[in-house]
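For ligands, and for the atoms within them, numbers begin at 1 and follow the listed sequence.
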Amino acid sequence: MKKARKYIFVVGGVISGVGKGITVSSIGKILQSRGLKVTAIKIDPYVNVDAGTMNPTEHGEVFVLDDGDECDQDMGNYERFLDVTLTRQNYMTTGRVYQSVINKERNLEYGGKCVQVVPHIPQEIIARIEKAGAKADADVVVIEIGGTVGEYENILFLETARMMKLHAKDDVMFVMVSYVPVPSNIGEMKTKPTQHAVRNLNSAGIQPDIIMARSVIPLDQKRKDKLALFCNVASEAVISAPDVESIYDVPVNFEKDRLGNLILKLLNLPHRGSNGRFSVWQRFAKKIKNYENGINIAIVGKYFDTGDFTLSDSYISVIEAVKYSAFHLKRRPKLTWLNSKDFSAKGGSASGGEAEKKLSELAKYDGIIVPGGFGGKGIEGKLKVIEYARTKKIPYLGLCYGMQLAVVEYARNVLKIKDANTAEIKPKGKHLVIDIIPEQKEKLKKKNYGGSMRLGSYKALLKEGSIAKRAYGGVRAINERHRHRYEVNPEYIKPLSDKGLVFSGVSPDGVLMEIAELSIKDHPFFLGTQFHPEFKARPLSPHPLFSEFMRAAIKRKGK
Ligand code: GLN
């Protein structure tokens, strides 16, 4: 018998940024610990076909899946909370949906019919949702519709959800994550914006089954009753979702409100307990609060500024990966974001003296990370930071661009090739230690930028006796996720190796350098990866390279 797959749509009310992604992840976690197979889908209302062409300060980090899909950072939250591997079926945008409908139309797949926004676009979305559910063989599919209710962009997705409910009443439910403000001049929690948001959702033909009331403080019974009455839901279905110290507490808090039981009931699923499965997560969420000893980690990047605000979202997977490894070692990291442009007068915003002073302040960190990036902005500053970390023996982890720039720095300052550079910054440079991957040349010539980098999971072989191999527990081969156009230029492998840079991870054909490190004799921890290990770090199984980096940082702190 075909199993009746269940679908939970999660929509946002009042304002964006209320934590729909964490809500989806938490609902998934709760149902998973009830023994159900869960998958999650993110729908972004943008016209971009994927997130790969968006600047991180616009849209946060671009997350990369095993299959190479460049998607929204929420996909990372789902993978981390659920400890599953998602595929491109689990992510869609307006652009992606329209693109495939248009392609089908061009291929005569609509049999001569007039192809219309409704029903053909919602039908395409339904087909994609069902495919993702089938591919994961899921009992429950949790679907996040991006944006907030009432905006123009996501109307077709709401229409899709309404149609799915119409066809399978018992198998589809709606959760609205809404914001309940406590204006400081009034000092009272106000439910009206949420009431309006629900009306708005009603006008799209959808009645929420559960309201998650996000607020700075927990909801009192009076507000719960009010929301229930005015929004047409049971009072037990108004869930209090106050701000919490840590996102890992969210599923735990939801379960305190018995959310799992409620969802099972609403989806007409037989009651089932968690059989101890949830306690693993509960223990994790609890014990990490006891860890002290801030290990000082600096993340030096350039995607931090958004108007007058600082955005750490651009590096969310890196931040999470650092935390998981620190927790694993019973420590708590203290993360500081540093803007690379402050470290160099050349191409940066600092004066020479200021930049020098900033650099010397790096001594107080126990570890430094230069994460992935693109383009020339802030590069000289990053190179200065890397040189400082290398010469002052501060544990250093370079991720993708952070590895490429470590190679450039090494070539400039150790091999004394003063104009060593990457082709990304100086395409016609004389000494390009980092050069474009040959097959990428054609793509760039044709301005084929979208989804065209070396993307997704590739294998690498580890070198005997290296730090990398030890960190990975002695395995011969690893699989890690990539997102890059440039690589270590094969011409420079020998000269760099002769001067002590160890290429400890290499593609199976021996062509691409995947990890560069310095011997433990020369530096306590100096390692860069061409891939992005952060995408595979999970709360309960931290990434071995981040853990090795954190061990070195803890050691430095202990000194
Ligand atoms: N810009 C570099 C490249 O394309 C590094 C990319 C990254 O850091 N993700 O190769």
Please give me the minimum heavy-atom distance between Q440 and H484, naming the atom from each residue.
NE2-O, 4.4 Å
Ring center gap for H543 and Y472 short of 6.0 angstrom:
yes
Heavy atoms of Y396 and H523 approach each other most closely as N-CE1, 4.5 Å
Quick one: list whatever passes ring pair (Phe, Tyr, Trp, His ring centres under 6.0 Å) with Y248, sequence neighbours left out.
F284
Residues in contact with ligand 1, criterion: heavy atom under 4.0 Å:
G372, G373, F374, C400, Y401, Q404, E424, R483, H484, R485, Y486, H532
Which atoms form the tightest heavy-atom contact between A423 and I436, and what is the distance?
CB-N, 4.1 Å
Nearest heavy-atom pair of G450 and T53: which atoms, and what distance?
CA-CG2, 4.0 Å
